[in-house]
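Lettering follows sequence order; numbering is per chain, from 1. What you see below is based on every heavy atom in this structure, not just the backbone, and it leaves out hydrogens, waters and symmetry mates. Being a predicted model, the structure only gives us computed values, none of them experimental.
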Protein chains: 2
Amino acid sequence: MSADKRDHILMVAEKLFGEKGFDGTSVRDIAQQAQVNLAMISYYFGSKEKLLESLLEMRANYTILEALNKDETLSPWQKVDRVIEFYVDKIMRNLCFHNIMQQGNQAQSEEIREYITNIKLKNFEQLKEIILDGQKKQIFRNVDIEMTVGSFMGTISQITLARHFYSKLFAIDINDDAAYIETMTGKLKKHLKQLLHAHLVIRNEELN
Amino acid sequence: MSADKRDHILMVAEKLFGEKGFDGTSVRDIAQQAQVNLAMISYYFGSKEKLLESLLEMRANYTILEALNKDETLSPWQKVDRVIEFYVDKIMRNLCFHNIMQQGNQAQSEEIREYITNIKLKNFEQLKEIILDGQKKQIFRNVDIEMTVGSFMGTISQITLARHFYSKLFAIDINDDAAYIETMTGKLKKHLKQLLHAHLVIRNEELN
DNA sequence: GTTTAATTCAAACGTTTGTTTAGTTTTGTG
DNA sequence: CACAAAACTAAACAAACGTTTGAATTAAAC
């Protein structure tokens with residue numbers, strides 16, 4: 001089994017699933033775009049749905065910032081900044097895959113829905129620990145952690161999911177991937193740092 | 001043309017499109033759920049795509065808070081609070097439709113993508129004006145308005161889009177719509193008020 | 001070089017898709 | 001009641017779907 005060709009199909013499928021949705025993409029679309037014979041997809045993956053599962057497995061290491069969390073030399077503020085850098089970079093580098101993750105709710109297959117939910121839960125736990133740590137050290141306010149993480153992920157998702165909207169808003173060519181990624185990565189990082197700092201910081205008037 | 005039956009089909013379609021996506025929903029699904037003959041959908045709407053267009057038109061008045069914006073007796077802070085109340089209530093009351101709006105990016109039809117983008121632009125303009133007004137009156141900080149609105153909408157969208165995730169997180173029965181809406185509406189409003197207040201308020205140390 | 005296994009392919013499979021047809025029933029009007 | 005328009009239906013349509021087949025080609029092993 002040629003790993004090259006398999007990976008190539010996976011990448012084409014990722015792009016199409018991310019852009020047109022799983023149900024909006026036919027295996028013939030994938031085969032044509034990847035320039036492989038239609039039957040190759042069943043041959044390599046078994047079925048369209050198992051192709052999606054393979055895709056999810058390939059990106060399953062979507063959460064690898066445990067090291068960051070364990071680093072005792074970093075202050076909670078530094079951790080927050082690094083998480084923002086890390087996540088924004090990672091998601092903007094994988095726009096299509098992130099869209100697939102967001103569509104997971106509609107998946108007909110319960111197995112896939114579970115799989116995606118679990119990846120999200122892992123990511124959530126990482127972020128939760130960082131905020132919890134800051135709260136224990138009385139550096140962060142007593143914010144609603146679930147909702148705070150929701151705002152963090154939601155802000156990023158908005159940029160990846162509503163690309164047509166933001167392209168129009170910032171007058172970026174809808175087909176210019178590089179321009180969108182560069183523009184939005186910068187804006188996202190700066191904004192999220194400001195937003196989360198303001199949200200988490202213990203203000204003077206609260207100290208009394 | 002029976003408006004009752006037409007509306008009934010629209011509501012069933014809204015639910016299915018919102019839950020399973022446009023491409024994941026067949027006209028036979030809709031006909032069966034709505035308990036109408038398959039041909040009635042073409043008869044009333046012309047096609048599946050025009051059914052979606054009718055759905056969008058029906059909810060086109062999705063933005064009706066101009067009155068709020070023009071109300072000179074309200075302070076920017078009051079406006080922000082009211083917008084939060086308004087939007088959260090409205091979106092949580094129309095979970096499925098909001099999901100359809102979020103999926104719009106994947107729509108094959110450019111007409112539909114444009115339509116949805118324009119609705120979003122209208123909503124954005126309303127929110128932008130409120131923040132701009134507060135900034136002019138030097139009550140709000142000089143935040144990035146586009147990104148701030150992005151966080152606002154993104155936070156809400158996260159709740160509607162990643163329902164499986166949040167149901168699991170808060171141990172809410174995945175089929176209990178009422179419980180989800182009630183729980184999340186409260187959490188959302190409280191969190192968004194806190195978040196936006198912290199983000200927009202001019203802090204003491206910045207006044208010097 | 002021969003044999004065996006892995007890969008590729010065009011073609012066809014049976015379903016499901018969105019839509020249309022042609023005929024029936026119901027409704028509203030004079 | 002008569003009759004035209006509207007509403008509704010079961011059946012069929014062609015196209016697209018995911019998947020499988022069986023033969024052809026290539027690669028690997030001995």
Side-chain angles (χ1 to χ4, degrees), chain A residues 1-58 100 103-104 106-113 115, chain B residues 1-58 100 103-104 106-113 115:
Chain A
M1 166 150 359
S2 161
D4 282 1
K5 186 167 275 186
R6 211 188 100 107
D7 285 356
H8 181 233
I9 294 173
L10 276 173
M11 284 173 63
V12 170
E14 184 178 40
K15 184 162 190 290
L16 290 174
F17 287 164
E19 285 174 352
K20 312 203 294 173
F22 179 77
D23 291 313
T25 305
S26 71
V27 292
R28 282 173 177 81
D29 281 344
I30 299 169
Q32 197 179 350
Q33 282 274 345
Q35 297 201 39
V36 300
N37 187 278
L38 173 62
M40 285 295 92
I41 283 154
S42 291
Y43 179 73
Y44 277 124
F45 303 98
S47 69
K48 185 187 176 187
E49 193 169 298
K50 282 185 183 160
L51 165 58
L52 175 56
E53 285 174 30
S54 298
L55 197 48
L56 292 171
E57 279 170 30
M58 184 185 72
I100 293 172
Q103 297 161 20
Q106 313 171 353
Q108 316 276 346
S109 151
E110 173 142 0
E111 190 185 343
I112 286 173
R113 284 201 308 267
Y115 200 99
Chain B
M1 166 149 1
S2 160
D4 282 0
K5 187 166 274 186
R6 211 187 100 106
D7 285 356
H8 181 234
I9 294 173
L10 277 173
M11 284 172 64
V12 170
E14 183 178 42
K15 184 162 189 291
L16 291 174
F17 287 162
E19 284 174 355
K20 313 202 296 173
F22 179 76
D23 291 312
T25 305
S26 71
V27 292
R28 280 173 179 80
D29 281 344
I30 300 169
Q32 197 179 351
Q33 283 275 346
Q35 298 202 39
V36 300
N37 187 278
L38 172 63
M40 285 295 92
I41 283 153
S42 292
Y43 180 71
Y44 277 125
F45 303 98
S47 69
K48 185 188 177 187
E49 194 168 297
K50 281 184 184 161
L51 164 58
L52 176 54
E53 286 175 29
S54 296
L55 197 48
L56 292 171
E57 279 170 30
M58 184 184 72
I100 294 172
Q103 298 162 18
Q106 313 171 353
Q108 316 275 347
S109 151
E110 174 142 359
E111 189 185 344
I112 286 173
R113 284 201 307 269
Y115 199 98

Residues Gly24(B) and Asp29(B): closest non-hydrogen pair is O-OD2, 4.2 Å
Could you write nucleotides 14-28 of chain D as a row of B, S and -, 5' to 3', where a protein heavy atom under 4.0 Å of any base atom gives B, of only sugar-phosphate atoms gives S, and otherwise -? ---BBBBB-------
Beyond-backbone contact of Ile30(B) with Leu51(B), side-chain heavy atoms, under 4.5 angstrom: yes
When you compare the side chain of Lys20(B) with that of Asp23(A), does any pair of heavy atoms fall below 4.5 Å? no
Do Ile9(B) and Arg6(B) have side chains that get closer than 4.5 Å, going by heavy atoms? no
Given atom CG of Asp4(B) and atom P of dC8(D), what is their separation to the nearest angstrom? 11 Å
Rounding to an integer number of Å, can you tell me how far Ile9(B) CD1 sits from dC8(D) P? 8 Å
What is the distance, to the nearest angstrom, from the CD atom on Gln32(A) to the C1' atom on dC9(C)? 16 Å
In whole angstrom, give the distance that lies between atom CE of Met40(A) and atom P of dA6(C). 14 Å
Compute both the distance and the angle, then confirm whether Lys48(B) meets the cation-pi test with Phe22(B): under 6.0 Å from the six-membered ring centre, within 45 degrees of the axis. yes
Answer yes or no: is there a side-chain heavy-atom contact under 4.5 Å between Glu53(B) and Phe45(B)? no
Rounded to the Å, how far apart are Lys20(B) NZ and dT16(C) P? 13 Å
Rounded to whole Å, NZ of Lys5(B) lies from C1' of dT9(D) at a distance of 11 Å
